2 protein chains.
Amino acid sequence: MKNPQEVFNEYLAEMNLKATPQRRLILDTIIKQKAHLSSEELYAKVKARDASVGQATVYRTLKLLVEADLVEPLDFADGVTRYEISYGKEHHDHLICSVCGKNIEILDPTIEKRQEEIAKKHGFKLSSHKMYLYGICDDCRKGK
Amino acid sequence: MKNPQEVFNEYLAEMNLKATPQRRLILDTIIKQKAHLSSEELYAKVKARDASVGQATVYRTLKLLVEADLVEPLDFADGVTRYEISYGKEHHDHLICSVCGKNIEILDPTIEKRQEEIAKKHGFKLSSHKMYLYGICDDCRKGK
DNA sequence: ATAGATGCAAATGGTTTGCAGAGCT
DNA sequence: AGCTCTGCAAACCATTTGCATCTAT
């Protein structure tokens with residue numbers, strides 16, 4: 001399987017866009033990150049490696065990475081869009097603790113299957129879905 | 001079952017807040033609406049009935065209605081938060097056409113049950129969830 | 001009487017964009 | 001050389017907030 005960098009380069013070439021050091025740096029920074037970073041957080045990490053990079057470039061690159069299907073935007077209901085590498089990872093949804101922000105990746109074939117069936121029943125061709133489960137985790141409940 | 005207006009009045013009384021004509025008007029306008037309105041759209045409808053009402057009051061009242069569990073915010077992924085009356089309606093999720101914006105309310109017990117099970121398995125006490133299915137509807141596909 | 005509500009306009013805050021200079025191919 | 005990028009700062013836009021004035025209770 002190709003690595004994300006290759007895929008990104010191919011995407012850029014195909015779209016007649018350029019592979020710049022900033023774009024490489026930004027992709028590399030996301031890859032090295034296990035967490036789900038907001039654009040702001042990512043910008044901080046990127047800046048630590050190259051202080052000259054601008055905020056706007058991070059936003060613009062993030063958009064490209066989403067279009068290239070390498071990265072997926074997440075909505076943890078805290079007002080910021082977060083991102084995670086999706087390339088090479090199986091699709092999954094999230095279970096989020098609304099107290100501490102902890103989040104767990106979940107994958108449930110039963111649900112995925114039902115979603116398809118529901119869409120079909122209504123004559124829709126499903127293109128994507130979002131499912132977020134919000135709750136309070138064990139630790140936060142015990143901590144009380 | 002109490003009607004929404006009563007519930008709202010009780011909520012306001014309990015919180016030592018006041019039942020003002022604006023608040024009544026806004027709730028009434030949402031109730032009369034079958035669509036999922038954005039704050040902006042709601043503001044327009046409200047203004048048609050009383051031009052003196054301000055935008056901010058609509059936002060503020062919407063927040064109250066959500067806290068009172070009468071209204072639920074929706075995220076159709078188009079940059080605006082939409083709202084619908086939830087009081088007296090069974091919980092449901094949405095299937096949205098990303099071309100024409102049409103949306104269908106869905107309810108699937110299988111999925112609901114699995115969500116609970118998943119949360120439990122991870123030691124979470126589920127407080128809410130969001131599920132949106134995005135796709136393209138029959139009409140929009142044929143229209144092409 | 002008085003805590004709370006309203007409308008207005010200004011402020012926020014995440015994200016986008018215009019522009020002039022810089023860089024990739 | 002030419003088209004794309006970048007950083008900066010200004011612009012956007014939905015939503016929030018400060019404030020002086022009004023109003024429900």
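Hydrogens, waters and symmetry mates play no part in the numbers below; they use all other heavy atoms, side chains included. In what follows, chains carry the letters A, B, and so on, assigned in the order in which the sequence lines appear, proteins first and then strands, with residues in each chain numbered from 1. Predicted model, so just to flag it, every value in this text is computed and none were measured.
Atom OH of Tyr43(B) and atom P of dC13(D) are 17 Å apart (whole Å). As a whole-Å value, the separation of Leu17(B) CG from dT23(D) P is 18 Å. Atom-to-atom, CD of Gln55(B) to P of dC13(D) comes out at 14 Å; the value is rounded to the nearest Å. Distance OH (Tyr59(A)) to C1' (dC5(D)): 19 Å, rounded to an integer number of Å. Between Asn16(A) atom CG and dG2(D) atom P the separation is 17 Å, expressed in whole Å. What separates CZ of Arg60(A) from C1' of dA9(D) is a distance of 12 Å, to the nearest Å. Between the CG atom of Leu37(B) and the P atom of dA14(D) there is a distance of 15 Å, rounded to whole Å.
Contact annotation for Thr81(B): backbone-only contact, meaning every heavy-atom pair under 4.0 Å involves sugar-phosphate atoms and none involves a base.
Position along DNA chain D of the nearest nucleotide to Ala56(A) versus Lys18(B) favours Ala56(A) as the more 5'-ward residue. Mapping Gly54(B) and Thr20(A) onto DNA chain C by nearest heavy atom places Gly54(B) at the nucleotide closer to the 5' end.
Along DNA chain C, the stretch of nucleotides lying under 4.0 Å from any heavy atom of chain B spans, 5' to 3', dA3(C) to dC8(C).
The number of heavy-atom neighbours closer than 6.0 Å to NZ of Lys102(B), taken from other residues, nucleotides and ligands shown, is above 12.
Taking the charged nitrogens against the carboxylate oxygens, Glu116(A) and Lys113(A) have no contact shorter than 4.0 Å, which rules out a salt bridge. Ion pairing between Glu72(B) and Lys89(B) fails under the 4.0 Å rule for side-chain N and carboxylate O. With salt bridges taken as basic N to acidic carboxylate O contacts below 4.0 Å, one links Arg141(B) and Asp138(B). Ion pair Arg114(A)/Glu117(A) flagged as a salt bridge, since at least one NZ, NE, NH1 or NH2 atom sits closer than 4.0 Å to an Asp/Glu carboxylate oxygen.
The aromatic rings of His91(A) and His129(A) stand perpendicular to each other, their planes meeting at an angle above 60°, with 30° marking the opposite boundary.
Distances shorter than 4.0 Å separate some side-chain N or O of Gln22(A) from OP1 or OP2 on dG7(D).
In this model, a donor atom of one side chain and an acceptor atom of the other lie less than 3.5 Å apart for Tyr43(A) and Lys47(A).
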